[in-house]
Amino acid sequence: MPEIVASRRADATPHAAALIEGLRDIGYSLETAISDIIDNSITAGAHRIEIVTETYSDEPYIALIDDGEGMTEDELVAAMRPGNRNPLATREEPDLGRFGLGLKSASFSQCRRLTVVSRRAGQTSAAIWDLDDVAERNEWAVQLPDRFDLVDGIDRLGPQGTLVLWQKLDRLNGGHTHDVAKRAEIINRRVAETERHLRLVFHRFMEGANPLRLVLNQRLLRALDPFARKNAATIADPEETIHLRKGDVEIQSFTLPHHKQMSNKTDWDDIGGPEGHLKSQGFYLYRGKRLILHGTWFGLCRQSELTKLARVRIEIPNSMDADWKIDVKKSSAQLPSTVRERLKNVIERILAGSKRTYNKRGQKLVAHERLPMWHRIQADGQIRYRPNIEHPAFADFAESLPPDLRRGFFNCIALVGASLPIETLHADMAGTAEQIVPDRVDEDTLAQAVQATLSVLLAARKDIKEIKALMKDVDPFRSAWEDTERIIAATIETKETQ
Ligand SMILES: Nc1ncnc2c1ncn2[C@@H]1O[C@H](COP(=O)(O)OP(=O)(O)O)[C@@H](O)[C@H]1O
Ligand SMILES: [Mg+2]
């Protein structure tokens, strides 16, 4: 191709007002914006990062204060420049930044006025980008205020560190510029919603020795480990490493405990999050210790009810940003084809494991020696559930009926079994399986079942401990165990006094 020579050039400096407004709309949410500011603090070596929101005043603000190394005035001015770095340059390993845009674009996505005050070696400097000021003057010039003792949040800045202050929160007030109470309510709710995101995204920094302390409105946030590693019932597979030209990718799969194995429901809900477990399964992609993406299988398999306990940690070094197409917001990525193939194998293995956890439970609940109310019958590629008419609760009662009524009784039971609402159950199972619970039975029904079961088992000369262990595992006893135990005790007492 012949070389085209250009001997003239024309000035094409972007219009400040237009471009800086454009920076606002690259798709940040409040969650990803705050996370990006926190990334900078972590890179600056912060141990404590405070988020302070003032929402009831006439001029609401959000302030982030860290105790990192801070910046000199020159560094601060450079930091305020949109695009102050070359994204292709090699970054130091722990560095969470990349494009030299985050501070500005994240801030402008939420506010029209960004003030940064930084303290380093006893020197305090401040700089302000105010979009209204830029619009008016149409030039790339940050304001350097003469005094900053009145800047909101400055009292929280320690001997070194940086304060990032967002004011003119035009995007967060939900359009309620005048109704102070309504505005405060909306901003507060949005801030509260970010909490879980922060606990998750930065959990690796918040764990272990010398952890990062993230404080939201004076409350220390707890790390949220998506793999529930502290739970003894979590199954962690061995770590695997894929060696690639630009660095190593680490992979580890986890199978979360079944919700019945989680001691408290809050823990289960916590790691499931507002989206629930079904939507939270999948790969958890970390760049360094920072969670970038989660709750997706990258199109390699479906998020199904059977696999919802599977979560896979993938860790990539920041040298691979270009291959994984990590975006400015650090909230999206794509799978490089070399890794894709390897992950397919990993997925197949995990899926088998996750399915096993559920199926094993299914078998156990209907195993023969446990006196199930229902039989699970698998034959000819079909699975049927049928009430177990030999269960003592049914058999005993039938025994007490005259023969002609007995047939009618068994017919009724068979009808219940044949009209199991399979389709509805199926739909519910595919959505929120853990919300499906056995129906509560009243005291009288429970007592009848307990007494019938008890007398059969006692007649089989089983001791009471064994009987309890058997009954504790099947419904309706399992779901009403306290009442069941009480009825057992009372029944035995009556028997003994007879
Ligand atoms: N909290 C902070 N403490 C110290 N330096 C900071 C802080 N925030 C930003 N900086 C400086 O400002 C620069 C620009 O930040 P940013 O716009 O987020 O881009 P990037 O993080 O990609 O470099 C950073 O590289 C860093 O030098
Ligand atoms: Mg940054």
Side-chain angles (χ1 to χ4, degrees), residues 23-24 26-53 61-87 89-111 113-120 124-129 142 151 153-154 156-158 160-167 194 197-198 201-206 211-216 221 286-292 318 321 326-331:
L23 266 186
R24 308 196 73 188
I26 55 178
Y28 276 98
S29 62
L30 180 61
E31 283 85 353
T32 53
I34 290 183
S35 302
D36 225 357
I37 303 299
I38 293 178
D39 282 341
N40 287 340
S41 299
I42 292 175
T43 306
H47 296 293
R48 181 185 162 91
I49 302 168
E50 228 184 307
I51 305 166
V52 179
T53 64
Y61 65 80
I62 296 179
L64 288 107
I65 305 106
D66 71 45
D67 60 357
E69 61 189 14
M71 290 173 270
T72 62
E73 187 174 271
D74 284 352
E75 286 169 336
L76 174 58
V77 171
M80 295 298 264
R81 182 191 295 276
N84 63 324
R85 281 210 186 178
N86 175 0
T90 321
R91 315 281 311 222
E92 286 167 43
E93 181 61 37
D95 196 334
L96 299 163
R98 185 170 157 72
F99 297 93
L101 273 178
L103 172 63
K104 288 71 64 174
S105 51
S107 300
F108 297 150
S109 74
Q110 308 300 318
C111 73
R113 185 179 168 89
L114 161 67
T115 305
V116 181
V117 182
S118 200
R119 192 167 287 158
R120 181 181 186 135
T124 309
S125 330
I128 302 169
W129 271 126
V142 282
V151 174
I154 189 96
R156 302 203 166 256
L157 196 58
Q160 66 161 30
T162 302
L163 156 69
V164 172
L165 176 66
W166 295 346
Q167 289 163 301
T194 63
H197 181 85
L198 301 178
V201 164
F202 297 104
H203 78 97
R204 300 269 299 279
F205 297 94
M206 297 157 77
L212 168 72
R213 291 156 63 83
L214 262 186
V215 179
L216 174 60
L221 299 186
Y286 292 79
R287 175 171 172 269
K289 283 156 72 176
R290 207 270 209 196
L291 181 63
I292 304 270
N318 67 4
D321 284 357
I326 306 281
D327 71 336
V328 187
K329 307 183 296 288
K330 280 165 267 175
S331 62

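Here the straight-line distance linking atom OG of Ser35 with atom NE2 of His197 works out to 3.5 Å at 0.5 Å rounding. Note: Ser41 OG to Leu103 CG = 9.5 Å, rounded to the nearest 0.5 Å. Interatomic distance, CD1 of Ile42 versus CD1 of Ile37, reported as 12.0 Å (0.5 Å rounding). To the nearest 0.5 Å, atom CD1 of residue Ile128 and atom CG of residue Leu114 are 9.0 Å apart. The distance from the CD1 atom of Ile26 to the CG atom of Leu101 is 6.5 Å, given to the nearest 0.5 Å. Rounded to the nearest 0.5 angstrom, Ser118 OG and Met71 CE are separated by 4.0 Å.
Looking only at side-chain heavy atoms (C-beta outward), Arg290 and Phe205 come within less than 4.5 Å of each other. Side-chain contact between Asp36 and Asn40: absent, with no pair of heavy atoms (C-beta onward) separated by less than 4.5 Å. Side-chain contact between Val215 and Ile51 is absent, with no heavy atoms from C-beta onward closer than 4.5 Å. Looking at Val117 and Thr115, their side chains come closer than 4.5 Å, going by heavy atoms from C-beta outward. Residues Phe202 and Ile49 have side chains not in contact (no heavy-atom distance under 4.5 Å, counting atoms from C-beta outward). The shortest side-chain heavy-atom distance between Leu163 and Leu64 does not fall under the 4.5 Å cut-off.
One side chain, Thr32 or Ser29, offers a donor N or O that lies under 3.5 Å from an acceptor on the other. Side-chain contact, Thr124 with Arg119: a donor N or O sits under 3.5 Å from an acceptor N or O.
Distance alone, capped at 3.5 Å, places no donor-acceptor pair between the Gln110 side chain and the Ser107 backbone. The main-chain N or O of Gln160 is never found under 3.5 Å from a side-chain atom of Glu69 such that the two would form a donor-acceptor pair. Within the 3.5 Å criterion, the main-chain N or O of Arg113 finds no donor-acceptor partner in the side chain of Trp129. Of the possible donor and acceptor atoms, one in the side chain of Asp66 sits under 3.5 Å from a partner among the backbone N and O of Thr162. A donor-acceptor pair is defined here as one N or O able to donate and one able to accept, closer than 3.5 Å; no such pair exists between the side chain of Arg24 and the backbone of Ser109. Distance alone, capped at 3.5 Å, places no donor-acceptor pair between the Asp67 side chain and the Ala46 backbone. For the pair Thr194 (side chain) and Glu31 (backbone), a donor-acceptor distance under 3.5 Å is absent. A donor-acceptor contact shorter than 3.5 Å links the side chain of Lys104 to the backbone of Ala79. Counting only distance, with no hydrogens or angles, the side chain of Arg204 and the backbone of Leu291 share no donor-acceptor pair below 3.5 Å.
Closest of all the heavy-atom pairs between Gly102 and Tyr28 is CA-OH, 3.9 Å. The nearest pair of heavy atoms linking Leu23 to Pro82 is CD1-CB, 4.1 Å. Between Met206 and Leu198 the shortest heavy-atom distance is SD-O, 4.2 Å. Contact detail for Tyr61 and Gly153: the closest heavy-atom pair is OH-N, 4.3 Å.
His203 and Tyr286 have their aromatic ring centers within a separation under 6.0 angstrom.
Looking at residues two or more places apart in sequence or on another chain, you find a side-chain hydrogen bond (donor to acceptor under 3.5 Å, both in side chains) between Thr53 and Asn217. Scored by the salt bridge (charged side-chain N to carboxylate O under 4.0 Å, His left out) test, Arg48 finds Glu50 as partners (sequence neighbours excluded).
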Exercise. Could you go step by step and tell me if Val52 and Ile62 meet the side chain to side chain contact (heavy atoms under 4.5 Å, CB included) rule?
Worked result: CA-CA 6 Å; Val52 179; Ile62 296 179; over 6 Å; no
